[in-house]
Amino acid sequence: MSVAYDFDSVSEAAPNDLEAFWMGFTANRAFKRRPRMVSRAKDMHYYTPEGRPILDGSAGLWCSNAGHNRDPIVQAIQKQAAEMDFAPTFQFGHPLAFKAASRIAELAPGDLDHVFFCNSGSEAGDTALKIALAYNVARGQATRTRLIGRERGYHGVGFGGISVGGISPNRRFFGSLLPGIDHLPHTYDREKQAFSKGEPEWGAERAEALEGLVALHDAQTIAAVIVEPMAGSTGGLPAPKGYLKRLREICDKYGILLIFDEVITGFGRLGTPFAAERYGVVPDMITFAKGVTSGAVPMGGVIVRKHIHDAFMNGPDHVIELFHGYTYSGHPLACAASLATLDVYRNEGLFERAKALEPTFADAVMTLKDKPGVLDIRTVGLVAAIDMAPKADGPGKRGYEAMETAFHDEGLMFRVTGDTIAVSPPLIISDSQVGELVEKIGNTIDAVM
Ligand SMILES: Cc1ncc(COP(=O)(O)O)c(C=O)c1O
């Protein structure tokens with residue numbers, strides 16, 4: 001089924017076969033017939049094992065906001081690996097974890113000032129949902145057990161995340177999921193929003209559906225609402241103007257916690273440290289991952305407002321306050337990578353750079369508007385999503401062909417969701433590379449239409 005692959009240029013110890021690795025979220029058989037393999041990276045580029053450069057149009061997987069293999073990050077990881085490989089953060093600690101938590105909390109708005117570490121966006125989503133439930137128990141409102149997500153939302157692949165998530169294929173194979181879940185409607189309507197730059201004018205009214213869910217279930221049964229400020233995995237849906245503010249108002253009115261999943265939007269992707277700042281809304285919790293280490297070492301976490309954290313800090317002080325945590329929470333290598341990454345973001349002004357580049361980036365991507373078969377383009381921050389018409393033989397085929405064509409013929413990596421091309425380059429992308437990126441996407445669309 002899979003092709004034999006010559007790994008000799010990668011490592012003599014590597015097996016000469018692709019069969020053993022069952023790849024996640026991948027068409028395994030198609031990949032293994034015609035692999036898209038990279039073995040080295042620097043700044044804006046990956047390199048194939050043969051040395052062919054691939055322009056990174058997706059920051060890996062929405063991760064590498066500082067670009068790849070940046071010297072200060074590489075050196076920090078190397079130094080930490082030599083100094084202390086692992087230390088538990090259950091009942092023991094190491095200084096970098098405290099330092100990283102403080103630095104991350106400093107970037108968050110309002111009194112979001114405590115950080116619970118985990119290792120991925122999925123763990124961050126489940127952690128936030130568990131904190132929401134436990135917080136309501138701690139404050140004497142244990143009837144609040146219902147969790148509300150949104151159609152087309154993505155919060156990772158844990159049972160909590162897929163339950164509140166709203167992407168059908170991620171849910172339908174996995175049984176009955178968590179009980180007591182409901183969903184808000186998604187915010188996309190092509191007829192009213194097509195070719196919007198930034199936040200669409202139409203759609204804030206979709207937040208009113210939360211009033212409907214409160215009327216249906218009663219506020220006293222609802223613990224939290226979780227949304228992405230920009231729905232990434234479903235194909236880049238920016239929040240409509242005023243939508244997130246309205247959600248905040250309704251949550252405040254009924255004592256419901258509001259969680260922003262900022263796994264993609266955190267660390268400058270929308271031109272601010274967190275999207276919460278761009279939208280002038282302080283959620284009760286923010287989940288993060290990916291950009292926190294620029295993807296160099298797995299790390300995730302939840303930033304929590306003071307009153308939520310403090311609600312747990314009672315009882316005898318030798319007793320554990322929250323029965324939750326991961327062996328690798330606050331891993332020394334992740335903390336070292338994170339501190340170095342945050343320095344790169346600050347020293348190079350990368351969040352500001354993303355903000356300054358947003359209009360140029362949006363204009364450049366919108367030049368693809370008149371290509372045949374382009375149904376919609378959305379942009380926000382350094383994110384763009386381009387919907388292509390599906391092929392007659394089924395949705396997703398054109399998207400897959402576009403990904404293959406881009407990689408093999410154009411030297412470009414981007415994500416696809418169905419027939420939507422999603423672009424989210426590292427924040428270090430130069431003006432001329434924006435032009436190159438858009439040209440390569442244009443060539444790809446021409447080739448697959
Ligand atoms: C908004 C959002 N939440 C959660 C996740 C899950 O993160 P991970 O794959 O690190 O578990 C992702 C991943 O893309 C994401 O985009």
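Each ligand, and each atom within it, is numbered from 1 in the order the structure gives. All figures in this text were calculated on a predicted structure; none of them were measured in a lab. We number each residue from 1, following the sequence as shown.
Contacts between Glu123 and ligand 1 below 4.0 angstrom, taking non-hydrogen atoms only, are absent altogether. For His155, every heavy-atom contact with ligand 1 shorter than 4.0 Å involves the backbone, none the side chain. Contacts between Ser120 and ligand 1, counted as non-hydrogen atom pairs separated by less than 4.0 Å, involve both the backbone and the side chain. For Tyr154, heavy-atom contacts with ligand 1 shorter than 4.0 Å involve the backbone as well as the side chain.
Using a cut-off of 4.0 Å between Lys/Arg side-chain N and Asp/Glu carboxylate O, Lys241 and Glu199 are scored as not salt-bridged. A salt bridge links Lys391 with Glu401: the distance from a Lys NZ or Arg NE/NH1/NH2 to an Asp or Glu carboxylate oxygen falls below 4.0 Å. Between Arg305 and Asp111 a salt bridge is recorded (basic side-chain N to carboxylate O distance below 4.0 Å).
No hydrogens or angles considered: nothing links the side chains of Tyr400 and Arg398 as a donor-acceptor pair under 3.5 Å. The closest side-chain donor-acceptor pair between His217 and Asp182 falls under 3.5 angstrom.
Other residues, nucleotides and ligands place no more than 12 heavy atoms under 6.0 Å from the NZ atom of Lys99. Atom OH of Tyr188 has more than 12 heavy atoms from other residues, nucleotides or ligands within 6.0 Å.
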Report all side-chain donor-acceptor pairs from residues 149-156 shorter than 3.5 Å, counting only partners two or more places apart or in another chain.
from   : atom 1 : to     : atom 2 : distance (Å)
Arg150 : NH1    : Tyr243 : OH     : 3.2
Arg150 : NH2    : Glu228 : O      : 2.8
Glu151 : OE1    : His186 : N      : 3.2
Arg152 : NE     : Thr234 : OG1    : 2.7
Arg152 : NH2    : Thr234 : O      : 3.1
Arg152 : NH2    : Thr234 : OG1    : 3.3
His155 : ND1    : Asp261 : OD2    : 2.8

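The heavy atom nearest to atom 14 (O) of ligand 1, considering only Lys290, Met230, Glu228, is found in Lys290.
Scanning the protein heavy atoms around atom 3 (N) of ligand 1, the nearest turns out to be Asp261 OD2, 2.8 Å. Looking only at protein heavy atoms, the nearest one to atom 16 (O) of ligand 1 is Ile264 CD1, 3.1 Å. The protein heavy-atom contact nearest to atom 10 (O) of ligand 1 is Gly121 N, 2.9 Å. Looking only at heavy atoms of the protein, atom 11 (O) of ligand 1 is closest to Ser122 OG, 2.6 Å.
In this structure, Glu262 does not count as a contact residue of ligand 1, since none of its heavy atoms falls inside 4.0 Å of the ligand. Residue contacts with ligand 1: Ser233 is included, with a non-hydrogen atom under 4.0 Å away.
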